[in-house]
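In what follows, every chain begins at residue 1, and chains take the letters A, B, ... in the order their sequences are listed.
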Amino acid sequence: MSDTLKVVSWNINSVRARIEIVERFLKEEAPDVLCLQETKVRNDQFPEGTFRQLGYNHLILNGQPMHHGVAMISRVPLHKDERFDWQANGEARHVGARLENGVRIENVYIPAGGEIPNREENPKFGQKLDFYQRMTDWSAALETPTILLGDFNVAPLESDVWSHKQLINVVSHTQIEIDTMAKLQAAHDWVDIGRKFIPDPERLYTWWSYRARDWRASDKGRRLDHVWVSPELENKAVSHVVHEDARGWAKPSDHAPLITEFKF
DNA sequence: ATGCCTTTTTTGAAAAGA
């Protein structure tokens with residue numbers, strides 16, 4: 001493989017409903033590895049042909065009917081794929097694989113956590129915190145150089161949300177979630193690539209609700225998607241952008257793709 | 001913030017997203 005690798009994370013909100021913009025994105029950006037979340041398709045119904053026609057012949061799928069689902073689609077070989085059940089209930093929220101240079105990519109869709117930020121009143125919120133804890137335990141024992149990316153469903157910094165004051169009690173930006181995410185980050189000294197390239201306090205969002213009349217004008221975004229790397233890979237990342245334009249394409253996902261380039 | 005939008009499947013109301 002070449003020493004340059006372009007890796008994308010994109011919560012696609014149904015890969016079948018979004019196949020036209022996926023194809024456009026691959027033609028325009030030509031990533032080496034595309035990591036999708038919320039594919040919303042069983043493995044036997046995944047639209048593999050579209051990807052193979054564009055030269056993406058390595059597909060690693062972890063889908064389920066209707067909800068969730070993740071996939072890694074690559075034009076470079078991937079090995080030793082794994083699917084962790086950090087949800088502990090069988091939901092398809094992780095897939096990972098190893099590049100030929102030994103670096104692993106772990107693609108995760110952390111649960112949103114429901115409406116009420118309280119474990120007793122809302123079991124989904126507890127599931128989200130427990131998912132983070134299992135990832136933290138995994139991170140603490142991790143020795144492989146790793147790119148951890150996906151939809152983490154937490155926006156930790158004030159500059160990661162359109163209004164800190166109006167969202168401080170809204171799931172995705174509560175203090176308990178921010179603290180829980182910080183513990184995960186500390187467990188492996190994960191490097192936040194988003195903030196390495198676009199430092200706080202610059203505005204940085206990856207998701208805009210469908211409910212806004214004009215998402216770009218109101219710009220009520222949140223940074224829910226993240227790319228983290230092991231400390232030894234920090235200097236291998238040479239660029240990182242959020243492709244906001246794709247949020248404005250026809251029939252968009254509510255998340256934008258995150259594009260990171262590495263030089264190994 | 002989510003009455004507001006968009007997806008899925010049991011074709012059509014309901015759940016989920018965040």
Side-chain angles (χ1 to χ4, degrees), chain A residues 9-22 36-47 61-71 87 89-94 108-119 121-132 149-178 180-181 194 203-226 242 244 246-258:
Chain A
S9 176
W10 196 3
N11 180 320
I12 198 62
N13 185 19
S14 171
V15 68
R16 288 177 295 176
R18 232 56 81 191
I19 196 67
E20 288 178 11
I21 62 167
V22 171
L36 297 176
Q37 305 90 36
E38 281 204 89
T39 51
K40 295 188 175 182
V41 63
R42 307 197 315 237
N43 291 348
D44 63 351
Q45 295 181 345
F46 197 92
L61 310 179
N62 186 15
Q64 66 174 77
M66 242 185 318
H67 297 304
H68 322 309
V70 289
Q87 180 86 336
N89 69 353
E91 290 181 2
R93 293 179 175 275
H94 165 267
V108 68
Y109 174 45
I110 298 179
E115 298 261 355
I116 304 163
N118 180 294
R119 183 188 273 282
E121 295 174 52
N122 168 24
K124 286 183 185 168
F125 192 71
Q127 276 188 320
K128 179 179 194 176
L129 299 179
D130 293 345
F131 194 109
Y132 264 95
L149 53 72
D151 180 356
F152 291 17
N153 268 317
V154 174
L157 303 176
E158 294 194 19
S159 53
D160 291 336
V161 293
W162 63 275
S163 169
H164 171 67
K165 283 187 178 164
Q166 290 185 72
L167 293 174
I168 190 63
N169 294 316
V170 173
V171 172
S172 74
H173 191 59
T174 64
Q175 195 59 49
I176 178 83
E177 289 171 279
I178 293 166
T180 301
M181 179 187 240
R203 159 203 172 287
L204 184 57
Y205 309 147
T206 67
W207 173 86
W208 294 260
S209 171
Y210 284 127
R211 295 179 186 181
R213 280 176 188 83
D214 183 337
W215 72 276
R216 210 190 290 269
S218 56
D219 198 28
K220 291 181 175 176
R222 306 180 202 172
R223 184 167 72 114
L224 302 179
D225 303 273
H226 299 268
V242 176
E244 288 191 29
R247 178 63 180 80
W249 290 353
K251 267 197 95 189
S253 169
D254 45 356
H255 295 253
L258 280 59

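At the heavy-atom level, A:Lys251 lies under 4.0 Å from the strands shown only through sugar-phosphate atoms. Across all strands, A:Asp151 comes closer than 4.0 Å only to sugar-phosphate atoms, never to a base (heavy-atom distances). Among the atoms of the strands shown, only primed sugar atoms or phosphate atoms (P, OP1, OP2) are found under 4.0 Å from some heavy atom of A:Glu38. Residue A:Val170 is in sugar-phosphate contact alone, with no base atom involved, counting any heavy-atom pair closer than 4.0 Å across all strands shown. Residue A:Trp215 is classed as having no contact, given no heavy-atom separation below 4.0 Å to the nucleic acid. Note on A:His173: nothing from the nucleic acid sits closer than 4.0 angstrom, heavy atoms only. Across all strands, A:Phe125 comes closer than 4.0 Å to no nucleic acid atom at all (heavy-atom distances).
In this structure, A:Trp207 atom CH2 and B:dT7 atom C1' are separated by 14 Å, rounded to whole Å. The nearest whole Å value for the distance from the NE2 atom in A:His226 to the P atom in B:dA18 is 12 Å. To the nearest angstrom, P of B:dA1 lies 7 Å from CH2 of A:Trp162. Taking atom CD on A:Gln127 and atom P on B:dA18, their separation rounds to 14 Å, with Å as the unit.
With both ends at atom P, the span from B:dT10 to B:dA15 equals 15 Å, rounded to whole Å.
Of the residues in residues 11-20 of chain A, those lying under 4.0 Å from DNA chain B by heavy-atom distance are A:Asn11, A:Ser14, A:Arg16, A:Ala17, A:Arg18.
Phosphate contact (OP1/OP2 of B:dA1, side-chain N/O of A:Lys165, threshold under 4.0 Å): absent. Contact annotation: A:Tyr109 does not reach the phosphate of B:dA16 (side-chain N/O to OP1 or OP2, under 4.0 Å). In this model, the phosphate group of B:dG17 is not approached by any side-chain N or O of A:His255 to a distance below 4.0 Å at OP1 or OP2.
By the 4.5 Å heavy-atom criterion applied to side chains, A:Asp151 and A:Trp207 are not counted as neighbours.
Across B:dG17, B:dT9, B:dT7, the shortest atom-to-atom separation from the side chain of A:Lys40 is found for B:dT7.
Between the CG atom in A:Asp160 and the CG atom in A:Leu224 there is a gap of 9.0 Å [rounded to 0.5 Å].
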Considering only nitrogen or oxygen atoms on both sides, find all protein atoms under 3.5 Å from nucleotides 10-15 of chain B and state each distance.
none

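With respect to A:Arg222 and A:Glu177, no salt bridge is recorded, no charged nitrogen being found less than 4.0 Å from a carboxylate O.
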Dot-bracket for DNA chain B, 5' to 3', Watson-Crick and G-U pairs with both distances under 3.5 Å, [ ] for crossing pairs, | for partner on another strand, reads ....(((((...))))).
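Because its NZ or CZ atom is both nearer than 6.0 Å to the ring centre of A:Tyr109 and within 45° of the ring axis, A:Arg93 counts as a cation-pi partner of that residue.
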